Amino acid sequence: MVADEQSHQERGFIKGELLYTIFHNDQENFSIAKIKILETNEDYNEKDIVMKGYFSDLQETAAYYFYGNFERHAKFGLQYKVSSYQTFIPDTKDGLIAYLSSDMFHGIGKKTAEKIVTALGDNAISRILNDSKVLANVPGLKKDKADQLAEKLAENQGFEHIAVYLSAYGIGLKMAQKIYKKYKDEAIHVLNEDPYQYVFDIEGFGFQTADHIARENGLSLTHPNRIGAGCIYVLQKNVQDGHVYLPIETCLRQVIDLLVNPDDTLTSEMVTNRLEELNQKKTVIMSGGNVYLPSLYYAEDGFAANLMRLISKPVEHDIPLAELMKIIGHIEEEEVLSYGKEQFEAIQQALSSKLMIVTGGPGTGKTTVIKGILNAYAEIHSISSDPKDYDSETNYPFILTAPTGRAAKRLTESTGLPAVTIHRLLGWDGQNGFEKNEHEQLAGKYLIVDEFSMVDIWLANSLFKAIPDDMQVLLVGDEDQLPSVGPGQVLADLISSGQVPYVSLHEVYRQKEGSKIIELAHLIKQDACDRNVLQNARDFSFISCSEKRLIDIVTAVFERAKAKGIDLKNIQVLAPMYRSQTGITEINRHLQSLINPSSTEKREVRTKETVFRIGDKVLQLINQPEDAIYNGDIGRVVAIFEEDENVDHTEQLVVDFDGREVVYERKDYVNIMHAYCISIHKSQGSEFPIVIMPVVSAYHRMLKKNLLYTAITRSKKSLIICGDKRAFLRGIKTLDSNQRFTSLKEQLRERLQNFDSAHVQEVEEEEITPYDFM
Ligand SMILES: Nc1ncnc2c1ncn2[C@@H]1O[C@H](COP(=O)(O)OP(=O)(O)OP(=O)(O)O)[C@@H](O)[C@H]1O
């Protein structure tokens, strides 16, 4: 059923006129307005009402039907939340004629209006809006007038008509705004022709919704558009699991599973044919038996090409080994330490290679090696490594960067040198591009990227594009940690390709200070952990408890810490999953009421799932480079403003991220959550003085070696594991079997082989002289 057939009598409605607009946001078309009530079937007897919803500017001269429901606002009282609306158009023949011949439509007199209504009937308006070509059926109506009328109608009614139409399919006003923004008056046409197009073009529009609409419109189960959308949807879904491509067979299987096919009318041949068509249009890329979304194919290809470009260039100032050893010796004297064998090798290789990877667990000296490399580079090139000796004109030659704000901050703290996020380094333009790229590359001589395991293939590609030929690069990471949240496993692929110089640091230096946390991390790396290792120590305890008691134990640890005068800000709970009786959501609920209970003195805002209160610890869930905050950053709610307390007239929540205040409006609350307990995935790149890690068998699906290792290595001073020892010991021996589909390794090998053979040929050609023929 389409909306037009659903009369307002069947739903709650208020017919009314605009009295005045209280608030209107142009970008989202969100409005709050006072409306004079002309008629309603709702149980409401007042003369006017405040309405809110996603509607365009309402005209003062028109009347509207609003559909929605009442909501009580804590401060402003009863309001009508509009889910759809439409201009009141008289539904009698005379009313319609009067409307069409009104001042709103120039050039349409009473006679023409009569002809239109006679030719098109009482639903003339919606017929014209659906397809303006119907005006050709009106005798004597000239094309230019018909076009003008259709255009004006669309202008007056375009959005609301589309919104009403979409609402019949359960599509809300907010999504309708997105759709209207993209297609304008073509929205219904696109929907009727190919609802699957919405899946490609509109962020957040699900395949199932499109499928439902298509089925109602009678599109067959084997329609090529359906199969095409199924292919794209499957590929997009797999990107969320970190895959860069899908092998064709896997893709076919998943598409056929998705496109429910009761009569076996949909064959894998049909899907293959459709994939090939999409490949020809470059909507997907098929290569080497794999299917890629174009953005991933080109990211991997671009990254491999830029990496090759870089390593094929010589190091600017290649010095003999003996001299290098002398210089490293000087640095050892200055730093008053003696580099271990692996550390020495890492420094020496990093100085003589264009690109180099250093990995190692906690306390193996990664920072020590970074400092050694920078100091030695400075000595080789007779330059200063002190940023104070440079100004904005004479660029500091060393660039230190990391994928998240917290990781960059830690890099600054550990090296004493300025470090920024990769987004900041490349100059995120706030939309979808970077200022630094292949046309305008970075300025500097030596680039160090820390926490490289967190960098996905998209970001790696953007970064490498911007690296000039004469720059040297060091990638630092820990290959045993979780892979990037985004697609790819760039660090692991670079290491296993064997094409990039690589030193893995094993010797632990900090262990000498007696840290059980570090010992545990390294034993996990070496698969050498047993029950005895879990004995309590100065910086480590394992509190055995059942799942039922888990939350009580976690809260008891907080209470004890509070009694001891420990700043609770220093304690971070890390858990693997959100939904379970002992999941992150539940732990947060308990910890919020313990650490930041409700009080009349603290303002709070309520969403469907949660309550944010002043003083709450919150976690940022997406990258927001325009505000210099990133997925995984932790802040504190410092203020809450009501709508009439700020110039924007919106409810606002202010979060302080280490001195940087970011304002959230209600629509942005989905981008934050409580952070008393956060997921281990989100904790990547951060460290905390005290970590509490619950481990119970209810998490068993998630308990994998790299996940537990990542959690353990987040703690700096103290680690408290609560739960089940058996579940923990099993988890640290379980390898993550979800291998990501990536082709970077093969790409690099192939490119290097081509490069080598071209190089050999060049050398051979060079060496042929006239003497060879004598
Ligand atoms: N060759 C060495 N001789 C003596 N001490 C060393 C040596 N290498 C590193 N250290 C010391 O070991 C500790 C850990 O080193 P460093 O901070 O460089 O390791 P890291 O790998 O960066 O650690 P993390 O990943 O935990 O931050 C430091 O106190 C450092 O001074």
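Residue numbers run from 1 in the order of the sequence given. Indexing begins at 1, ligand by ligand and atom by atom, following the structure's order. The model shown is predicted, which means the values in this text are computed figures rather than measured ones.
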For Thr368, all residues meeting side chain to side chain donor-acceptor pair (under 3.5 Å), sequence neighbours excluded: none
Glu479 and Thr359: side chain donor to acceptor below 3.5 Å: yes
Ser338 contact mode with ligand 1 (heavy-atom cut-off under 4.0 Å): backbone
For Pro362, the ligand 1 atoms whose distance to one of its heavy atoms is below 4.0 Å: 25 (O), 26 (O)
Short side-chain donor-acceptor distance under 3.5 Å, Gln572 and Lys617: yes
Summary of ring pair (Phe, Tyr, Trp, His ring centres under 6.0 Å) pairs that have at least one residue in residues 450-490, sequence neighbours excluded: Phe303-Phe464
N/O separation below 3.5 Å, Leu337 to ligand 1: no
Closest to atom 18 (O) of ligand 1 (judged by heavy-atom distance), picking from Thr359, Thr368, Thr364, Ile370: Thr368
Test of proximity, Gly365 against ligand 1: N or O pairs below 3.5 Å: yes
Atoms in ligand 1 flagged as close to Gly361, the criterion being non-hydrogen separation under 4.0 Å: 21 (O)
Tyr339-ligand 1 polar pair, N/O distance under 3.5 Å: no
Arg410 side-chain N/O to Ser686 backbone N/O, donor-acceptor pair under 3.5 Å: no
